[in-house]
Trainee: 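Let me begin by handing over the structure; questions about it come next.
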There are 2 protein chains.
Amino acid sequence: MSSKQPTIWDIAIKLNVSISTVSRALRNAPDINPDTKKAILDLAHQLDYQPNTIATSLRKNKTNIIGVMVPEFVHAFFPNVILGIQEAANEAGYKVMTMQSGESLDIEKHNLQAMISSRVDGLILAISRETDDYEHIKSAQRKGLPIVFFNRIVDELPGSKVMVDDYQGAYMAVEHLIQTGCRRIAHLAGPQNLTIGRNRLNGYLDALKAHQFPIDESLIMPCNFLEGKARIYTQQLLDRPDRPDALFAVNDPAAIEALICIQEHQLSIPDDISLIGFSNAPHSAFVTPPMTAVAQPIHAMGRLAAELLMRQISEGQRFSPETHVLQTNLIVRQSTRRLS
Amino acid sequence: MSSKQPTIWDIAIKLNVSISTVSRALRNAPDINPDTKKAILDLAHQLDYQPNTIATSLRKNKTNIIGVMVPEFVHAFFPNVILGIQEAANEAGYKVMTMQSGESLDIEKHNLQAMISSRVDGLILAISRETDDYEHIKSAQRKGLPIVFFNRIVDELPGSKVMVDDYQGAYMAVEHLIQTGCRRIAHLAGPQNLTIGRNRLNGYLDALKAHQFPIDESLIMPCNFLEGKARIYTQQLLDRPDRPDALFAVNDPAAIEALICIQEHQLSIPDDISLIGFSNAPHSAFVTPPMTAVAQPIHAMGRLAAELLMRQISEGQRFSPETHVLQTNLIVRQSTRRLS
DNA sequence: AACGTTACCGGAAACGTTGCCGGAAAAGCA
DNA sequence: TGCTTTTCCGGCAACGTTTCCGGTAACGTT
């Protein structure tokens, strides 16, 4: 900013009072004459005074900024979570600083440093796909940085966690496939170092077992959130003589890749192959055919994460981490067959 | 943050040098002995020292933060622009603080104040749908806040602008509809106070005129970026005896609403009605049928806006605002008929 | 009339940096 | 040897706030 903004000093000079008095007026403290207070507030308004939050942050050692770091920004899931975060944060007087790791551990480390350097009051974090070393995170926590994890959770890290019941969601999805007559159900799986990947796989496995279906390891494809992998593996599955009659995808991007691949093979959904996704976004409703999916309360996840973090910030040491597991529900659309 | 981070003070004490010296070492300035510099850097690394950017910002009167305010966050367009912004900004050592106006003028004003209070070095702004008074923006500019506008542009505001050639894009879209045999082309229009709305309408009108098509005012529906309006107006259009055989939508959300509405009426796209959108997102490819759309260089818009802003920040008064118009291109998919 | 209360206000330090200015020691030059 | 220059470093003010600690004047109480 080129021209200088007015400060409490300018106001003090003009009104012939001390800066202490101005400060008191501005954050309506006691010990001040209503008249002088009014004069100060009037002048402040007239000068369009905006407090310098940088100075306040330095003095109070609190920025009122919460950091958010997510792996990426292009698919609808994370922006929608951030929406919820921003809502809750803004209501409580916090601002939000967002960064992406780009699914890269190095960038994640670098961004974390930047966040600490910016003295964010706390951090909401979904770790990157390739993060398998947590020292940078632990180190930040040791310094006293409150962190709330969501979506991408690892058990060994302390801190509050917000997740959905991935196991239950996957179980429901696979059970629905079974009930609509599918016999060979493949899984486009996520990374196994993340609970999200493991739990969805386990839900898949247990649903099969519960219905006395054999487990075929070769139907479990390690897509691991890698772009393009789902397409390649779907291709492989479709080319097999014993090709599956259903696909359960670990998330929406994978499901959409599969969908495109299936359509390119001129196969019909759901008649030849049923497809079910774990929904990251409302727009799974708009593909063709509209996709059956496990829906997550995305917006609520964001709000909850922000609320947990802000509680931890204000309660400090008294706060003990909480893990919240939100429920999913199955939205049946037209990429799976009708219940007979 | 509960426990205190190490400061240059701690380092100075331990090494028995002054804070000035530490400061010099840390921002590798001249006038320092290589040995002492190394000792300082080593200790800094060992203590995991992170500079307090708050203090630096206060001292240097520069935050290295650029603010971004957009109307909303849920559709893919703005997140993708922000992606480009963040890329360019991070490369140049800037952090990004994002806010949404929620298409509300009041929130826009409030957020702008918060941005100024946070002393962002500059702002990238897409104004809200209902912003028809620009005093808050002008006032910020008068204070010396560099602002780059994108997507939602108004002529009367000074400052750099990044936009696409809306007129040309709309013209191409409508011409394509004409060439594929459509006779009655309706337009789901945007707000006329924004150039984006006006230019797309004008492109539509001029394309019709150029092909000697009559202008039917009743085919121009003022959806104005309002959620749900496109659906209602499409409904009205479809119920008319002289229903149109093509729809040109001002943006993707409107196009998708129209698409759903058309499908609910059991009409075929593109046989009964052609549909073409102004693309905000790659996922217009995934709807059914894949949508023909005017594509914008979304990512490049973000990068360009950020680069313009950063140039303005560093050049200060010497900088004179630039307006950049990026080209669109028509992506023909299956929501319009084949060229005969 | 002397004292204690209350109501209001100013001074000054502190938050963690940066950057100017000046000074001491070491090095170069005659 | 005596001088100037260079090299390196410390002191200190400043950025805009908040907050503690006192102080003054007016008021009320006996």
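Predicted, not measured: the structure shown is a model, and the values here were computed from it. Proteins get letters first, then strands, A, B, ... in listed order; numbering begins at 1 in each.
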Trainee: Rounded to the Å, how far apart are A:R119 CZ and C:dG16 C1'?
Mentor: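 So the CZ-C1' distance, A:R119 to C:dG16, works out to 9 Å.
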Trainee: Under 4.0 Å, heavy atoms only, any strand: does B:S23 hit a base, just the sugar-phosphate, or nothing?
Mentor: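 Base contact.
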Trainee: Given atom NZ of B:K60 and atom C1' of C:dG19, what is their separation to the nearest angstrom?
Mentor: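 B:K60 atom NZ is separated from C:dG19 atom C1' by 10 Å.
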Trainee: So, B:S101 side chain and B:I107 main chain: donor-acceptor pair closer than 3.5 Å or not?
Mentor: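 No; judged by distance alone, with no hydrogens or angles, the pair does not exist.
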Trainee: Write down the atom of B:Q113, the atom of A:Q50, and the distance for their closest heavy-atom approach.
Mentor: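 It is OE1-NE2, 3.1 Å.
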Trainee: Can you measure B:D10 atom CG to C:dG16 atom C1' for me and round it to whole angstrom units?
Mentor: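 One finds 11 Å between C1' of C:dG16 and CG of B:D10, rounded.
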Trainee: Give the rounded distance in Å between these two atoms: CD1 of A:I40 and C1' of C:dC8.
Mentor: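 Going from CD1 in A:I40 over to C1' in C:dC8 covers 11 Å.
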Trainee: Looking at B:R119, is its backbone amide N or carbonyl O close enough to the side chain of B:T63 to form a donor-acceptor pair, meaning the two atoms are under 3.5 Å apart?
Mentor: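 A pair under 3.5 Å: yes.
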Trainee: Starting from P on D:dC15, measure out to CG on A:N52 and report it in whole angstrom.
Mentor: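 Nearest whole value for this atom pair: 12 Å.
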Trainee: Evaluate the salt bridge (Lys or Arg N to Asp or Glu O under 4.0 Å) criterion for residues A:E135 and A:R142: first the C-alpha distance (whole Å), next the side-chain angles of each, then the deciding distance (0.1 Å), finally the verdict.
Mentor: CA-CA 10 Å; A:E135 198 40 52; A:R142 258 182 263 119; 2.5 Å; yes
Trainee: Any idea which of C:dT17, C:dC15, D:dT19 is nearest the A:L58 side chain?
Mentor: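 For the A:L58 side chain, the nearest candidate turns out to be C:dC15.
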Trainee: Between protein and nucleotides 6-13 of chain D, what N or O pairs are separated by less than 3.5 Å?
Mentor:
unit_1: D:dC9; atom_1: OP1; unit_2: B:T36; atom_2: OG1; d: 3.4
unit_1: D:dC9; atom_1: OP2; unit_2: B:N33; atom_2: N; d: 2.9
unit_1: D:dC9; atom_1: OP2; unit_2: B:T36; atom_2: OG1; d: 3.2
unit_1: D:dC9; atom_1: N4; unit_2: B:D31; atom_2: OD2; d: 3.4
unit_1: D:dG10; atom_1: OP1; unit_2: B:S18; atom_2: N; d: 3.4
unit_1: D:dG10; atom_1: OP2; unit_2: B:S18; atom_2: N; d: 2.8
unit_1: D:dG10; atom_1: OP2; unit_2: B:S18; atom_2: OG; d: 2.8
unit_1: D:dG10; atom_1: OP2; unit_2: B:T21; atom_2: OG1; d: 2.2
unit_1: D:dG10; atom_1: N7; unit_2: B:R24; atom_2: NH2; d: 3.0
unit_1: D:dG10; atom_1: O6; unit_2: B:R24; atom_2: NH1; d: 3.2
unit_1: D:dG11; atom_1: N7; unit_2: B:S20; atom_2: OG; d: 3.2
unit_1: D:dG11; atom_1: O6; unit_2: B:S20; atom_2: OG; d: 3.1

Trainee: Think A:R27 has a side-chain N or O under 4.0 angstrom from the OP1 or OP2 of D:dT17?
Mentor: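 False: A:R27 side-chain N/O out of range (4.0 Å or more) of D:dT17 OP1/OP2.
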Trainee: I want to check one thing: is the phosphate of D:dG16, taken as OP1 and OP2, less than 4.0 Å away from some side-chain N or O of A:Y49?
Mentor: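 For D:dG16, OP1/OP2 do not have a side-chain N/O of A:Y49 under 4.0 Å.
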Trainee: Can you tell which of A:V162, A:I85, A:V148, A:L125 makes a side-chain contact (heavy atoms from CB on, under 4.5 Å) with A:L309?
Mentor: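 Going through the options one by one, the only one that passes is A:V148.
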Trainee: Is it the case that the side chains of B:Q86 and A:Q100 hold a donor-acceptor pair, with the cut-off being a distance below 3.5 Å and no angle test?
Mentor: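 A pair is found: one side chain offers a donor N or O, the other an acceptor, under 3.5 Å apart.
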Trainee: Would you mind reading off the distance between A:D35 atom CG and C:dC9 atom C1', rounded to a whole angstrom?
Mentor: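 After rounding, the gap between these two atoms is 14 Å.
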Trainee: Given atom CG of A:N61 and atom C1' of D:dT19, what is their separation to the nearest angstrom?
Mentor: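 From A:N61 CG to D:dT19 C1': 15 Å.
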Trainee: Out of B:K60, B:K95, B:K62, which one pairs with B:D121 under the salt bridge (charged side-chain N to carboxylate O under 4.0 Å, His left out) rule?
Mentor: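 Exactly one candidate clears the test, B:K62.
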Trainee: Taking atom C1' of C:dT17 as reference, at what distance in whole Å does atom CG of B:N64 sit?
Mentor: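 Computing the B:N64:CG to C:dT17:C1' distance gives 14 Å.
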